[in-house]
Undergrad: 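Let me give you the structure first, and then I'll get to my questions.
Hydrogens, waters and symmetry mates play no part in the numbers below; they use all other heavy atoms, side chains included. Below, chains carry the letters A, B, ... as their sequence lines are ordered, and counting in each starts from 1.
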Amino acid sequence: QDLRPLNSDSEPDRMDWADLDAKLGPLPKLADGLKVGGVSKTLTNEYWRSLGEGYQKFADKLGVTVAYQAAQSEGDQLGQLTIAEGMVTQGYNVLLVSPQTDANLQPVMEQAKAANVPVVNVNDAVIPQAEHYVGNVQRDNGVRVAKWFVENRPNGGKVAIIEGQAGVYAAVQRTSGFKSTIEEGGKFTVVASVPGNWDRQMSYDAATTILQQHPDLVGFYCNNDGMALGVVEAVKAAGLQDKVVVFGTDGISDAYKSIEAGELTGTVDSFPVLTGEVAMEVALRLVAGQKLPRVVATPQALITKDNVKDFQGKGVDIRTVLMKAAGK
Amino acid sequence: MSDTIENTAAPATRFVGSLSVRDAGTLIGLVAIVIIFGLLAPEFLSQRNLLNILQQSSINACLALGMTLVIISGGIDLSVGPTAAIAAVISATLLVAGIPVPLAILAGLGIGVLCGLVNGVLVAYAGLQPFIVTLGTLSTYRAIALIYTGGNPVLGVPQGFRTLFNGSIAGIPNSVVMVAVVALLAWVLLKKTPLGEYLLAVGGNEEAAYVAGVPIAMTKITAYVISGVLAALASMILIGRLGAAEPILGNLWELDAIAAAAIGGASLMGGKGSVIGTLLGAIILGAMRNGLTLMNVQAFYQLLATGLIILVAMMIDRVTRGRG
Amino acid sequence: MSDTIENTAAPATRFVGSLSVRDAGTLIGLVAIVIIFGLLAPEFLSQRNLLNILQQSSINACLALGMTLVIISGGIDLSVGPTAAIAAVISATLLVAGIPVPLAILAGLGIGVLCGLVNGVLVAYAGLQPFIVTLGTLSTYRAIALIYTGGNPVLGVPQGFRTLFNGSIAGIPNSVVMVAVVALLAWVLLKKTPLGEYLLAVGGNEEAAYVAGVPIAMTKITAYVISGVLAALASMILIGRLGAAEPILGNLWELDAIAAAAIGGASLMGGKGSVIGTLLGAIILGAMRNGLTLMNVQAFYQLLATGLIILVAMMIDRVTRGRG
Amino acid sequence: MAPSRLAFEDISKVFPGVKALSEVSFEVAPGEIHALLGENGAGKSTLLRILSGVFRPTQGEVKVDGTVHHFRKPESARQAGIAMIHQELQQVPHLTVAQNMFLGHSLTRLGGLIVDRREQERRAAEALAMIDPSIDPSAPISSLKVAQRQVVEIARALLDRARIVAMDEPTSSLTPSEFDRLAGIIERLAAGGVSIIYVSHKMDEVFRVCRRATVMRDGKVVRTGIDLRASAPDEVIGMMVGRELLAEAHHSHATRTVSVEVRNLSTHRIRDVSFDLHKGEVLGVAGLVGSGRTELLRAISGADRLAAGTVKVDGTTLALSNPRAAIAAGIGLLPEERKREGIIPGRSVTSNMALPSMARFSKAGIINHRKLKRTAEDLLTRVKLRPFQLDRQIKLFSGGNQQKAIIARWLAAGSRILLFDEPTRGIDVGAKSEIYRLIEDLAAGGHGVIVVSSELPEVLRVSDRVLVMRDGAVAAELGRDQMSEETIVSHAVGTTASRIGTA
Ligand SMILES: Nc1ncnc2c1ncn2[C@@H]1O[C@H](COP(=O)(O)OP(=O)(O)OP(=O)(O)O)[C@@H](O)[C@H]1O
Ligand SMILES: Nc1ncnc2c1ncn2[C@@H]1O[C@H](COP(=O)(O)OP(=O)(O)OP(=O)(O)O)[C@@H](O)[C@H]1O
Ligand SMILES: O[C@@H]1[C@H](O)[C@H](O)CO[C@H]1O
Ligand SMILES: [Mg+2]
Ligand SMILES: [Mg+2]
């Protein structure tokens, strides 16, 4: 109630995921029969399925039961609320929620509090009253891609943004992160920033139109990978694959394949499986009674052809790679 | 086709109290769903969960009642979600700015009136097809809500407002009480007032209604205005629950509302529909969603179940009541 | 109501060649949009961009042609998007598994037939309302596509298939040629075959058509089957373009298709609609989206423009042709 | 002449492509019962719809008691004291009889908020009782038969206590006894000073109730102020059609070859009906409203499901699951409710005509429009379609001309057995005699024809033989020598001990 509205990107009470063990010690012993509820945005995007995998993977190691449910589409706000409320009713011990919007799960926060069930906000939209948040910094997705441009295209040029669904938190943050960073030096101009609605076809059409108007475009930044893969096809169809770079966000498996195939230039991977594992760990630590900082930050990395091998392939353990990257 | 023929000769609809044969059909559907879920998921029947279902259904029921009147008049209102969104962000802005609760509510409902009025005037005076008019305003109103807020949610809705819409009286959530009152009013309107007859007449045979002196345009406009107001009310219930108003609120609400009305016996050809049926329809949809969640059915299978249940409900309906 | 009366008095549709007065109205709307965008964004009128617009409109046009036939028959098909999705993921899976291109295409189109058949049978034999049937199958078919793929896109559609649907002949994109052929066939069907007369009759007065011996059920089913097949074809064009088939493909396609048909003069009450009008309607929507992107209009304002243009198109339409 | 209650002054009405009325002027005095006569399409309904505020005239004005009115909607006309019975039933299916009667001006309580249903039903019952007391004011209107629904329309017009009551073919579905009651009512109204305009194609009714008449042809007044007491029907009919109509005698073309054998036919509304129809025979079917005549034709034509019984055509039993089977066997139905079951309003006359026989006009699945047009020109000339515009939407034609198009439909389909349900309802005398001639032509050409009609003179005029139905069953079968209005009525109402079978 009296909590400061959370800003997950700037909250001072935070900890890096890599420090969990170091600062809090090993996970305490858990009671038997724990049930954890995961509430996702949608299962129609690999990103969210991967997050669920992470939950499951971590829970399986400890024999904890997980139910992972999702609304029927990213626009289904009340359906998601119904799911979360149902989980409180059913007596789940802790909830991991990825809200559709900043507000749509607010009533659950209140009900869960009354029922003494901790709630962890995992990624994306940020519930202002959230006591616990695990996730990356959405803005930073865009910032990282913008920095790539600044470093790798020193002459600047025209860039275009394909946005996610109008008004959705992740889309807004990513777009603004990219836009403000890339425009800083004055060398780049964002010639188009148009909606792709998380939709491949729409993004393809928009990219076709933009390319034809600006054949000298340097690159695209897309708010997610599905859209980026559509844009890649449009770039190919326009015969500009050598000139125009395309970046996505999320790091889904198809994006990796496309990077390896030399088509997609890069994606900002926010490691959904690992994020899921970390979130589950945080949830279980909370259930076990530990005190945690309000925000536990999860990693993200810009994946391009140059470093894709480090993150993907046989014998690569993301956790170790990222731990190393975090300097642990 | 033989249906149409039999239909003409179908036995007169008789009312037992105010529960028609058709409504009884819908009720049977609901009871069946409740029994099935009750067996599969025991928590389903807990008092708390049943109240939950009612509360969860209240928003859709509120919209669906307005939709029912519009459908009866021979129209359709696809713009309810965005109408709700504009009403929500505007009353929330006012509330956050410290405007007294009753005024903010009035402003929100006023927005509902306005949105409905635009729909109604375009349908009644410009003579455009309701589906297309409200498809157009669906985009337009949503854009207005987004532009007005810059896409950001309006946070910090004051507690007084929230308690009003999200509190409960003797354990019954206020929203459920409100929607019950709305339903009662809608029932009276449809069954007892001249306007109710006008709605049925305009939707049932517009030419006959015109010749009989029914104010066609006024009747249609009123239906859309009521739908707009109820969309605004639904948005108040929602922001009461959420404590925030978002410009993207109300996405796809129209489909749920139409489904509830249709399951409840409204004919999209106009001239036919029932307040009680619609209420039951909304509760069926709410109970189903609740039950599937309780049973932890995965999203894709929930979608499957939703689709199949709409089809099955319509078929049961068709069988129990002659014709859908 | 005065509309209905005047309507009765509307001038008999006269054809100049095959372009009716109504189609001419739609054409004027398109020309107006082209001129406006041409002035605001000079690239708009480049030959390359005009071809682009045609290509971008081809998918919607393909769907909208099927939708037009369904609407003429007095129905509606909300399930086109999910039908396309199932067809897409199944043919893509087959293609990736190495099945020859023609077989995979046939399989996809077969899925379209099947989905349409289910809709048609539920509407024609079970006597359910088309809106609700296809609302139900909208969810059901989508769920099937998602369950079949586990939610993942099917990647790696072979080049041969892609060239077929995404290549071009003499600078004209194949998809545009295909849709032009489909439109021609639809036009012939509607204007020159008994089935066309049946569609118009069933949508115009089902009971009279029945007494006159029109095979009502067969006619309706055929309309839905054609709509299903064209949705499947649209999905082929799309996966040809994108190189991947997603189970979520085709989201909200139904609204665009209905809008195109309505802008083109189809009446959602049935019995009325035009192939040429629908084509023009689809191009209007495509041109608009293209123009707004060229002008880099921000998302919220694009939404606004879309809504307003639908409304304005319908009003122009209403004025130029008597009645929408 | 008394000062006029109603005056039409120079009224013209132009619809796109048609001038329905040109400079129509005439007057009606208070308490006068004025017949408005003319062929189908003469403009009678259009004029009355202008009077009642449904249409606005292109030119001219309406004066009521000397005051000029420009009615913009039906309500304004109503307020000026004009009540109208429309030619087509104007009712809302899901409302009750009383709700329909009071639609637009409900009786209310609580300051206009709540409809006073009980009072409405009481008053509706009063008005209905004058013609048909068996109609329940609280029943849904859709549960009533057409005739009862027409009674409701008449009763509704009586509620208003109007100064002028315009009746556009109020009796097209009524039986003689109902007409008798209506005539009594009309006389009482007139005695009380109400002016009546009465449109009907039934000349005997017109001559019985009306004093004066105006005759229209092609949208113009041919003559007004005709004193019906001093005129012979033929004279008036001559004015209407612009030529003399010969009263033709009945000619039988019946053969002894059985064309249709109906045996033990039952449906939800008819019981155990058996009879034969011969080639070249015209079989009349008479009976009271609701006796099952329509259902008999619907059963034979495959439109209604059979509960029992068989229909054989030329010795072959038909599998009657829908009209197509019957059509294929050469049976064609001219349905009773033209607007609901007959026409596809938005399509051309030609399309409407060709609908069941599209396949006959197609080659390799493509319609041969040239052949279609030729046939249409041929057949629609034969039935004398007016105006002769084959591409015009059928809804723009007058009822009689719509009827002709539907007759042409079955000629085009090559039907050999024609089932005519009230073929001349709402059809002018000229067209009526044309239709009688058509029926006879068909019979002469070897067709078998069944004619259901509520007009006994019509039955007597066309039939070689008559079936009288009562309560869904055949009450009597009468040969030409046994036919008379009296015998038919007595069998229909059951005052004669009836036997089935040829007497
Ligand atoms: N709404 C309309 N639009 C166009 N033409 C019309 C319309 N209504 C009537 N007409 C035409 O006006 C003429 C007069 O028709 P009207 O219905 O007044 O004739 P009527 O004398 O009442 O005939 P009937 O005896 O068959 O009822 C006809 O040619 C008809 O086709
Ligand atoms: N919609 C209905 N609801 C209830 N009873 C009906 C209905 N339609 C017909 N009936 C009953 O069915 C029986 C036969 O009606 P049918 O229509 O065949 O009479 P009909 O002789 O053709 O009369 P009409 O001259 O009006 O056509 C009657 O008893 C009638 O009351
Ligand atoms: O922002 C989220 C995910 O991160 C992904 O980018 C897809 O869309 C949204 O749901
Ligand atoms: Mg008339
Ligand atoms: Mg009859």
Undergrad: Of all heavy-atom pairs between D:Arg156 and B:Ala212, which one has the smallest distance, and what is that distance?
TA: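 Closest pair (atom of D:Arg156, atom of B:Ala212, distance): NH1-CB, 3.9 Å.
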
Undergrad: Using non-hydrogen atoms only, which part of B:Val188 is less than 4.5 Å away from chain D: side chain, backbone, both, or neither?
TA: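 For B:Val188, side-chain heavy atoms alone lie under 4.5 Å from chain D.
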
Undergrad: Minimum heavy-atom separation for B:Tyr210 to D:Pro74, with atom names?
TA: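 B:Tyr210 and D:Pro74 have their closest heavy atoms at O-CG, 3.3 Å.
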
Undergrad: If I take atom CD from residue B:Glu197 and atom CD from residue D:Gln99, how far apart are they, to the nearest 0.5 angstrom?
TA: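 Taking CD in B:Glu197 and CD in D:Gln99, the distance rounds to 4.0 Å.
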
Undergrad: Please round to the nearest 0.5 Å and tell me the distance separating atom NZ of D:Lys73 and atom CD1 of B:Ile216.
TA: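 Here the interatomic distance stands at 11.0 Å.
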
Undergrad: Just to be sure I understand the criterion: a residue of residues 114-122 of chain D counts if one of its heavy atoms is under 4.5 Å from a heavy atom of chain B. Which ones qualify?
TA: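 Only D:Ile114, D:Val115, D:Arg117, D:Gln120 of residues 114-122 of chain D have a heavy atom under 4.5 Å from chain B.
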
Undergrad: Yes or no on salt bridge (charged side-chain N to carboxylate O under 4.0 Å, His left out) for B:Glu207 and D:Lys395, after CA distance, side-chain angles and deciding distance?
TA: CA-CA 14 Å; B:Glu207 183 169 344; D:Lys395 69 179 175 196; over 6 Å; no

Undergrad: Of D:Val92, D:Leu103, D:Leu89, which meets side chain to side chain contact (heavy atoms under 4.5 Å, CB included) against B:Asn205?
TA: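 So the option named by the test is D:Val92.
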
Undergrad: Using every non-hydrogen atom in the two residues, find where D:Pro93 and B:Gly204 come nearest and quote the distance to one decimal.
TA: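 The pair with the smallest heavy-atom distance is CD-O, 3.9 Å.
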
Undergrad: Identify all side-chain donor-acceptor contacts of residues 62-76 of chain B below 3.5 Å with residues at least two apart in sequence or on another chain.
TA:
unit_1: B:Thr68; atom_1: OG1; unit_2: B:Ala64; atom_2: O; d: 2.6
unit_1: B:Thr68; atom_1: OG1; unit_2: B:Thr278; atom_2: OG1; d: 2.7
unit_1: B:Ser73; atom_1: OG; unit_2: B:Val70; atom_2: O; d: 2.7

Undergrad: What residue, out of D:His86, D:Arg78, D:Met84, has the most heavy-atom pairs lying under 4.5 Å from chain B?
TA: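 Most heavy-atom pairs within the cutoff with chain B belong to D:His86.
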
